[in-house]
Each structure stands twice: as C-alpha cells, then as structure tokens.
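One structure is given here, and the rest of the page talks about it.
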Number of protein chains: 2
Amino acid sequence: MSLVEKNKMNGDLNKRLTTGGLRLTPQRQQVYDVLIQKRDHPTAEEVFIRAKQAMPDISMATVYNCLDALVQCGLVRQVQLERGATRFCPNMEEHCHYYCDECGTVFDVALTGNSAVVPRPKGFKIDHYEIAVHGLCASCAAKRKK
Amino acid sequence: MSLVEKNKMNGDLNKRLTTGGLRLTPQRQQVYDVLIQKRDHPTAEEVFIRAKQAMPDISMATVYNCLDALVQCGLVRQVQLERGATRFCPNMEEHCHYYCDECGTVFDVALTGNSAVVPRPKGFKIDHYEIAVHGLCASCAAKRKK
DNA sequence: TCCTAATTTGGAATTATTCTAAGTATTGAC
DNA sequence: GTCAATACTTAGAATAATTCCAAATTAGGA
C-alpha cells in the first residue's frame, strides 16, 4: 500500500472509530493493518501472533479489544464458520464465505446483483447478514476423486 | 407427535445413521427428540439439560457425540451465530436464521424460490450453506424507539 | 451366542474468550 | 499547556465451550 493510501485509510479508521466514542490507538491501527495485509480470515490468536511481530508488547486482551472495536464501528466483520475460534474479515463489501470443510481454507465471493436476497420479515430490523457456504475447495474435491 | 409419526421418524433416524456406519442408540434418539420438541436453537449445554430430564445419566460428552452424529448424517444442522456456544437446529429445509443481537432470539425463515442464490465458484463442491441475518427482532426494535 | 466395532461415561485437558485491577494515554475544557 | 475525565492497554486469573481419554457397555452381524 502506498503512503498516501495508508494515510487515507488511517483518516477513515479514525473517523469511524471516533464516531462511536472509540479512539484510534497504535494497537488498533496495527490490528487493522494485520487484517488488511493478509486477508485469510485469521482467528484472534493468529492476529495476535502477526501483530506481535511489529508490536511485541501487545497483549491478547488488547487484540480482542481492538477486534471488537473494529467490528463495532463497521470496519471488520466477525465470521463464524465452525465450532471453535471466530475469524475476522476486513472485507466489508457484500460477499459470502466459502469454507472448505477438509482443509479449512476460506475465501470470499462477491455477491452480485441478483444473488442472495434475504427475506425481510416484518418488524425485524436487519443490520447485516453472513452467508457461509460449506463444502470442498477445488483442490480438496480433486484429491477426493482419486 | 403421534405414535405412528414417531415410529416413522425413528425408522428414518435409524436409516440415516446406519448408512454412515453410525448406530441409533437411545441417547441419540433422546437428543434428537429434544431438538424436535423445542425448536429454539439450543446450545449443547441446553440440549444436555433437557435430555437429562428424560435420561438423567446421559453425559455431556455423549450429547456432543450425539449432536455430531446427527449433524454428520444430515438430520441436524449446526448454527454459529455469535462468539461462544454453537446452536443446533433440526430444520433441514432451506432457511435462514434471524438472530436478535439484543435479546438473542433466533428464528427460521424459509427461503423461497427466488431468494438467496449463492454463487457457484468453479471447482468448489458445495455441501450446504448457512445464512445468518443479524439485527433487532420486532420486539427489541420497538423498545429501542421509545 | 460370540466377536468386533461403535458408543457411553466421568473426568481431565485444552482452547477460546472474558474479566479484573492497576497503570497509561488521549481528549476536551479551561 | 494543564487538568480532569474517560478510554485504553496489560498480564494474569477466571470462565465457558469443547475435546480427549481410557475403561465399561452395548449393538449388529456371522
């Protein structure tokens, strides 16, 4: 990412956070950077490990706090694909998650115009929705056939 | 449920399980009954508590084993809506889950013909998908307005 | 009936997440 | 810039959810 882009991103980050009474701290920036740099839907644990490389004193509690803050202000989404650890995804476009039940890989697929319209039950105020598609990724499906 | 229906259900249960080398045991039947009797998307813990009423000696490990067996043979689906406990749902029709972020209520809405078509990325072999809609239920949304 | 494999059990172990209390940093008012 | 108020970070303890384990039991097929 260019410096210009990065500065713009930080401005956005700051604006988003402060609107909700939250603050932009070096740790939150770092956690967000980690998510942006490698969009492989890491768990909190993985974010922690990656963030420590640049910021060795960051703690697990802070990673959770940062992730929660980012989720709260709409910069990151929380993704629950299996029993166990929650994953985090900085892609805020409408998309669904494809999860390989064999190897655990996750990837995003954008939702285009006519796909995936969820019903709008009366009275329910929709905030957002998550679509998780389970199955076998191309590579694991190929292996199975052998 | 009538006795006839129940017997039919058990036959189905048995067939489904045995096809995958699994067995129909009293515990699995009990766990399945619990799910059918109150379809409020209970957690494993809640299933455990309810199952104990009819079968006091059932253990938590068995509840997990039963739930996993039922999920594996396609009679129950696992639902991940938030951080924390997994929920279980015996409704195998295509539907999505509406989750109230305020009070935690969950309800199903059937997917009708034109709604929710997920993309089919090349090579990925889809097994099933889960749609979780987050927001405020009618009652909580109304309270908020006040 | 006998054998084999699947299942159940209680408890220990592990993993994921939350809580707590004390110190530190940031913000806005003056 | 100083000060008070509030938000944030930290390490570690505590809790919650799930998995693992080894021994005893049960179910299904020959």
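Chain A is the first sequence line, chain B the second, and so forth, proteins listed ahead of strands; every chain is numbered from 1. In this text, all values refer to a predicted model and were calculated from it rather than measured experimentally.
Residues meeting the salt bridge (charged side-chain N to carboxylate O under 4.0 Å, His left out) test with B:Asp101, sequence neighbours left out: none. Partners of B:Tyr64 according to the ring-ring contact (aromatic ring centres under 6.0 Å, His included) rule, which considers only residues two or more places apart in sequence or in another chain, do not exist here.
Residue contacts shown for B:Thr86 are limited to sugar-phosphate atoms, with no base heavy atom under 4.0 Å away. Counting any heavy atom pair closer than 4.0 Å across all strands shown, B:Ala85 reaches sugar-phosphate atoms only and no base atom. As judged by a 4.0 angstrom heavy-atom cut-off over every strand, A:Thr25 is placed among residues touching the sugar-phosphate backbone only.
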(request) Assess whether salt bridge (charged side-chain N to carboxylate O under 4.0 Å, His left out) is satisfied between A:Glu82 and A:Arg87, documenting all intermediate values. (result) CA-CA 10 Å; A:Glu82 356 134 59; A:Arg87 294 151 179 280; 3.3 Å; yes

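Contacts between chain A and DNA chain D, taken as any atom within less than 4.0 angstrom of a protein heavy atom, begin and end at D:dT6 to D:dT19. Boundaries of the chain A contact region on DNA chain C are C:dA16 to C:dT27, first to last in 5' to 3' order (nucleotide atom under 4.0 Å from a heavy atom).
Nearer to the 5' terminus of DNA chain D, by closest-nucleotide assignment, is the contact made by B:Glu45 (compared with the other of B:Glu45 and B:Asn14). The nearest heavy atom of DNA chain D to A:Gln27 and to B:Ala44 marks one nucleotide each, and the one closer to the 5' end goes with A:Gln27.
Looking at B:Asp68 and B:Arg28, no side-chain N of the basic residue comes within less than 4.0 Å of a carboxylate O on the acidic one, giving no salt bridge. Ion pair B:Asp40/B:Arg50 flagged as a salt bridge, since at least one NZ, NE, NH1 or NH2 atom sits closer than 4.0 Å to an Asp/Glu carboxylate oxygen.
Looking at B:Leu111 and A:Pro119, their side chains come closer than 4.5 Å, going by heavy atoms from C-beta outward. Contact annotation: the side chain of B:Phe88 approaches that of B:Val71 to within less than 4.5 Å [non-hydrogen atoms, C-beta and beyond]. When side chains are defined from C-beta on, A:Val133 counts as touching B:Phe124, because their heavy atoms get closer than 4.5 Å.
Remark: the backbone N or O of B:Asn14 is paired with a side-chain donor or acceptor of B:Thr18 at under 3.5 angstrom.
Side chains of B:Thr86 and B:Gln78: a donor-acceptor N/O pair is absent below 3.5 angstrom, by distance only.
Using the six-membered ring where Trp is involved, A:Phe107 and A:Tyr98 have ring planes that are parallel, under 30° apart on the 30 and 60° scheme. Ring orientation note: the planes of A:His134 and A:Tyr99 are nearly perpendicular, at an angle over 60° on the 30°/60° scale.
When the side chains of ILVMFWY residues are joined at heavy-atom separations under 4.5 Å, either directly or via intervening members, A:Leu35 and A:Val106 end up in two distinct hydrophobic clusters.
Residues from residues 52-60 of chain A that place a heavy atom under 4.0 Å from any atom of DNA chain D, listed by number: A:Asp57, A:Ile58, A:Ser59. For the contact set between residues 65-84 of chain B and DNA chain D, defined by any heavy atom under 4.0 Å, there are no members.
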